[in-house]
Amino acid sequence: MVSVPLFALVDCNNFYVSCERVFAPKLRDEPVVVLSNNDGCIVARSNEVKALGVKMGSPYFQYRSLIEHRGVQVFSSNYTLYGDMSRRVMSVLAYFSPEVEVYSIDEAFLNLAGFATNTITDYGKKIRATVKQWTGIPVSIGIANTKTLAKVGAYIAKHSSKAGGVVTLLHPRYRERALAMTPVAEVWGIGRRLAPRMMGLGIQTALQLSRANERWIRKQMGVNGVRIVQELRGISCFPMQVARAPKKSITCSRSFGRPVTTLTEMQEAVAAYVSRAAEELREERAVVKELLVFMMTNRFNEKELQYHPHMTVTLPVATSNTGELIHQALQAVEKIFKTGYKYKKAGVIFTELLPENQTQMDMFDTTNRSRLGKLMAVVDRINTRFGSRSLQFAAQGITQPWHMKCDMRSPCYTTDWNQLLTVQA
DNA sequence: TCTGGGGTCCTAGGACCC
DNA sequence: TCTGGGGTCCTAGGACCC
């Protein structure tokens, strides 16, 4: 017998802020923000900061004076720390369900099909308490028959003071009440374009969306819209996805800490990004057949001359060798780089990925690929052990004056012996 | 002065073929 | 004036997610 679908969505509250607070407990009731790469945007806010009206994803400089005036603690993002904390949270969740789908750095779906529904909210509370106790991270949990409804539950749990962090939406009456409380813009899959359109057409809440005509939805929102509506009605259309699908592309791009104007610096930066992307490629046990290099001026500065070139390179043989990839990418850089512009950002995208054991040989290719592979494996091991860039290609540059800003980064408390937290007793 | 980064999927429209 | 029709494949752009 196939049991009724039952999902929990576990969502970490203000995740990056919570990670910083674990290691700086005195910030527990203080306003805190975490910035994006290059200290550009605000990507995580504590509740105190949300209450000040600071918008998610807004440019830091727009709120800088407010932030300073209110004594808000500011952190550059520390993805090494957040990635490690995320792994810890996910490993706790694995105790509570046979199937955990890690949906993002701060969210996971748990398959609870077959679990007793009359005690499921208490089970959710136990999960919540255990994650908090073992990792220090507070979470909100939604439990329902579909993933989209579980998301709604977690949204309500986060915003309701009496829910105790867990909201179950199994009873039709509760479900309707929850959907009526949820703005249509908060529904999973309704983004910044669709939300205003829906609202203009008289659909303000998730409940109204769930009652919309299916054919009309198909026309307005495509096939995915129909699935969303079905899910809101309690019919599961998005199953658990436990096995991680192989990646279809790998990107590495960064804004520069200051404008780049010379070919030499642009080449260094692109070489560094290729190197990072190639590490990920090897982690993925894949090789790449085609890559795209791009660079751009500051699109926000209307007074400056704009230039956003890109170039696609097809590699003679699919590879994951950093040296070869840098060589190819830098040729593209030379072709599209023009002097006279202030570049703000550059990047590389590996498209056309193949599993490394399916490499198509080129009969004119004389490179000894097995030796090259072993060399890269050794470099990766050394960099894992002694820190990234312990061994690097000269093309990446040594001082990297164009490197992004991250002046307010916290230590890597959990992944570097030299940065452990010290406690004075 | 100062505006992130990394993904996936869907669709419309053009190119091309018969 | 009148200017086929239908299928497939590819790609760019748009939408979404975190």
Side-chain angles (χ1 to χ4, degrees), chain A residues 9-12 14-16 33-44 54-68 74-79 82-83 86 101-109 147-148 151 154-155 184-198 218-228 237-238 241 244-259 273 276-277 280-281 284 290 292 294 296-304 310 312 342 344-353 403-409:
Chain A
L9 176 73
V10 180
D11 192 346
C12 301
N14 317 332
F15 181 57
Y16 300 166
V33 294
V34 176
L35 304 179
S36 64
N37 274 333
N38 214 28
D39 294 343
C41 295
I42 294 166
V43 293
V54 175
K55 296 273 177 296
M56 171 67 178
S58 52
Y60 174 42
F61 74 87
Q62 281 178 3
Y63 286 107
R64 197 165 195 157
S65 60
L66 175 76
I67 281 172
E68 281 167 11
V74 181
F75 290 92
S76 302
S77 42
N78 181 346
Y79 288 106
Y82 310 149
S86 173
E101 174 186 337
V102 178
Y103 177 67
S104 74
I105 194 165
D106 68 340
E107 274 177 62
F109 288 103
K147 284 181 163 180
T148 306
K151 284 276 232 180
Y155 168 79
V184 71
E186 296 298 330
V187 174
W188 192 33
I190 308 292
R192 72 193 158 90
R193 294 315 259 257
L194 279 173
R197 228 170 82 203
M198 289 289 120
R218 174 70 180 82
K219 227 173 123 192
Q220 293 292 322
M221 305 168 58
V223 290
N224 206 45
V226 177
R227 291 197 196 108
I228 291 168
C237 302
F238 305 123
Q241 296 191 331
R244 202 175 61 66
K247 284 197 177 164
K248 296 179 175 168
S249 69
I250 292 173
T251 303
C252 181
S253 73
R254 294 280 180 278
S255 296
F256 302 126
R258 60 140 169 86
Y273 304 157
R276 176 71 207 110
E280 228 175 278
L281 187 63
E284 188 76 13
E290 193 177 88
L292 182 149
F294 68 91
M296 53 177 69
T297 46
N298 186 350
R299 69 198 158 102
F300 296 105
N301 192 335
E302 286 164 11
K303 285 180 230 145
E304 257 171 37
H310 62 90
T312 302
K342 288 185 188 166
K344 173 71 183 162
K345 179 176 175 173
V348 61
I349 306 174
F350 292 169
T351 50
E352 297 283 311
L353 305 192
H403 197 276
M404 67 174 180
K405 284 182 280 186
C406 51
D407 300 333
M408 297 159 284
R409 181 174 290 169

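Labels below follow one simple rule: chain letters A, B, ... track the order of the sequence lines, proteins then strands, and each chain is numbered from 1.
- Between the side chain of A:Ser36 and the main chain of A:Cys41, a donor-acceptor pair closer than 3.5 Å is present.
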Strand DNA chain C in bracket notation, Watson-Crick/G-U under 3.5 Å with | for pairs to another chain: ....||||||||||||||
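- As judged by a 4.0 angstrom heavy-atom cut-off over every strand, A:Asp106 is placed among residues touching the sugar-phosphate backbone only.
- Among the heavy atoms of the strands, none lies under 4.0 Å from A:Gln62.
- A:Arg64 has its CZ atom 13 Å from the C1' atom of B:dT3, to the nearest Å.
- Looking at residues two or more places apart in sequence or on another chain, you find a salt bridge (charged side-chain N to carboxylate O under 4.0 Å, His left out) between A:Arg64 and A:Glu68.
- Ring geometry for A:Trp188 versus A:Phe238: interplanar angle over 60°, hence perpendicular rather than tilted (30 to 60°).
- A:Ile190 comes within contact range of the sugar-phosphate backbone alone, with a heavy-atom separation under 4.0 Å but no base atom that close.
- One atom, CH2 of A:Trp188, and another, C1' of C:dC18, lie 11 Å apart when rounded to the nearest Å.
- Looking at heavy atoms from C-beta onward, A:Gln62 lies out of side-chain contact with A:Lys55 at the 4.5 angstrom threshold.
- No engagement by A:Lys405 is indicated, since no non-hydrogen atom pair under 4.0 Å with the nucleic acid exists.
- Atom pair A:Phe300:CZ and B:dC2:C1' shows a separation of 11 Å (rounding to whole Å applied).
- Using atom C1' as the reference point in both C:dC17 and B:dG4, the two lie 15 Å apart (nearest Å).
- Residue A:Val102 is out of contact with every strand shown, counting any heavy-atom pair closer than 4.0 Å.
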Contact letters for nucleotides 5-13 of chain B, in which S counts primed atoms plus P, OP1 and OP2 and B counts the base, heavy atoms under 4.0 Å: SSSSSSS--
